[in-house]
Protein chains: 2
Amino acid sequence: MNLILSCVGRRGYLAKMFRNVDPSVRIIGTSSLKFTPGFHDCDENYVLPPIISDEYPEAVIQLCREKNATSLLSLYDADIDRLSRFRTEISACGTTPLLVSDPVSDRCFDKIQTAAFLGENGFSTPLTFADLESAEAALLRGSLTFPLMVKPRFGFGSAHLFRAHTLEELRVFFHYRKNMIIQQLIHGQEFGIDLLSDLNGHAISVAVKRKLAMRAGETDQAISVRNEQLESLAVNIVNILGAIGPFDMDVFITEQGPCVLEMNPRFGGGYPFSHLAGADHPGKILRMLRGEALDLEVGVKKDGLIAMKEIDFRVGEPKSKPFSLPSPTHQNGAKEPD
Amino acid sequence: MNLILSCVGRRGYLAKMFRNVDPSVRIIGTSSLKFTPGFHDCDENYVLPPIISDEYPEAVIQLCREKNATSLLSLYDADIDRLSRFRTEISACGTTPLLVSDPVSDRCFDKIQTAAFLGENGFSTPLTFADLESAEAALLRGSLTFPLMVKPRFGFGSAHLFRAHTLEELRVFFHYRKNMIIQQLIHGQEFGIDLLSDLNGHAISVAVKRKLAMRAGETDQAISVRNEQLESLAVNIVNILGAIGPFDMDVFITEQGPCVLEMNPRFGGGYPFSHLAGADHPGKILRMLRGEALDLEVGVKKDGLIAMKEIDFRVGEPKSKPFSLPSPTHQNGAKEPD
């Protein structure tokens, strides 16, 4: 079985997890950069054109075909956003795209759509505005109160995240970049939820962890917990969405109850915490790809398991090959286009 | 030999590096938090009162005494700032403080003092202002130009770092928190320099690396290089400062030449890159502590060595003991003070 980890980045550990389940699985990593730490742990690596380039989707499709890839999953938001629009073409290579459809991708990556989707389906989420005028009106009415978060509409991680305490700050932060949104800051305990859905869009695994320490927008320490309220909330959301493959969700438990902050249709950066607690999503993915039907199961087998991120260092340039489309064949004597 | 790594944080790898040189060295980690990843790699761990508490210095001094610590070094800026004022008391326990003196600490952690020190000694550093009025006047004169960096005077890492493109942004960012400074944004190739000085304040090792990728203010990928200009620049600076122990410096090579951005009197977060290239600072520290006199040496033995940070996960709560001062002895029947 050949598995493509698209935009593998620093997630070499996923390659190891898949191989731990089945040493015969061949992991193919891709990236637009030669210096990709995750390449160290893949069996074969390809440097592809930039995600935003015109030739990128065709390069991915051709890689699927040439490598007889059983499945492809992506670890990077912008990549999922792009490839979710090419599920049919990827499937046509005989490769199962463990990718959400493009409307689901939009509902996850566009924070305005996220808020709308959650609100329409009766899930609590912070009050969110795409324009300054509406936010200022809500402040006047008192339905929105400082402090507010100002962040990129399509961003992720902790880049360009501002906390505004005054109208003056709000205005400057909002205009700092294009496509910023304004969101009510919420308080409470923060949870990360790792899910896995089957190819029909039904959740088959859910694992909840409480975040103990954050660092640069990523979970640094967490404790795996059983929490039926959050488990069923998260399962409901991915089932309504019809997500496919790995999914990651950030939820706060506030004084008013659970409030969903973010959704990502991929392995979250904190998945290893759930993995260590027993959520064997790589194993379940392989079983799924072999045609097995799986029922919903709670991934946390070890309630109360604490884990921490560690830093390690790896020497040397990982091996990779450039992967480019063959140049178009021309008739003899035909000129290259200008 | 007992070595205290004060505020060990996520630097468990330093404990391993010391033990690799000499397996008989006993590493004692401290932190104000029980959940400290670095505790996993120390031989013994103590949870101390918060750094800013009144009882903290006395707790550290007593730990040095009780553990017969040969030496103490700290990995956290705020801790160094505090403990640099207690070098005499630490020495009195028979523990060699691998800590800079408090004036040196001030010159490193107070970015206004950093700029003044570098300027007075003829080293190039970005134009830096502690007040808005002077910065605005410099903008009017044209000696300062947008974009500007606005950051905490005493901060480190990438927290509360703003890039201002307009006067309006500059004003809001400057007033966002207390003690912000305004600095000319500089462009160029970024280098990290790891140094080690002996107990007399003379540099004995220097290792230069070029940063290839950053993430959340930390070096994610780097290539070790030989660069005599940067090596002698960095050695000059620490010798003039009279730094003691590990030291870390950020330098840009701009069109106008090297420009020093930051100095930290501790192991930098990117030290492992230099370690892998041959700079054996833990080994040199142990030799120094055994009384050996060491001459200045270039730490980069493997020019062009590329390394990358990796993420790993560690299960379980590390073992630690609380360490508190014994309650003061009172005469029989004496009342506790209110």
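A, B, ... follow the sequence lines: proteins, then strands. Residue 1 opens every chain.
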Full working for side-chain contact (heavy atoms from CB on, under 4.5 Å) between B:E169 and A:H175: CA-CA 9 Å; B:E169 285 180 3; A:H175 291 120; over 6 Å; no
Under 4.5 Å heavy-atom distance to chain B, tell me which part of A:L305 shows up: side chain, backbone, both or neither. side chain
Distance (rounded to the nearest 0.5 Å) between A:I306 CD1 and B:R314 CZ: 14.5 Å
Residue from A:L33, A:T36, A:V315, A:L276 scoring the most non-hydrogen pairs under 4.5 Å with chain B is A:V315
Does B:K301, at its NZ atom, have more than 12 non-hydrogen atoms belonging to other residues, nucleotides or ligands within less than 6.0 Å? yes
A:T166 portion near chain B, given a 4.5 angstrom heavy-atom threshold: neither
Given a strict heavy-atom distance threshold of 4.5 Å, which part of A:R163 is in contact with chain B: side chain, backbone, both, or neither? both
Using the ring of each side chain (for Trp, its six-membered ring), is A:Y176 parallel, tilted or perpendicular to B:F173, with breaks at 30° and 60°? perpendicular
Is A:H165 close to chain B through its backbone or its side chain, or both, or neither, when contacts mean heavy atoms under 4.5 Å? side chain
Nearest 0.5 Å, what's the CZ-CG distance between B:R10 and A:D220? 4.5 Å
Verify the neighbour count for atom NZ of B:K16: are there more than 12 heavy atoms of other residues, nucleotides or ligands below 6.0 Å? yes
Scanning both residues in full, the closest heavy-atom pair of B:M308 with A:P318 reads CE-CD, 3.4 Å
So which residue, A:E317, A:Q221, A:E168, ends up with the most heavy-atom pairs under 4.5 Å with chain B? A:Q221
So which atom in A:E310 and which in B:P37 form the shortest heavy-atom distance, rounded to 0.1 Å? OE2-O, 4.2 Å
The interface call for A:Y13 against chain B, heavy-atom contacts under 4.5 Å, is side chain
Validation row, ring centre B:Y271 to ring centre A:F313 under 6.0 Å: no
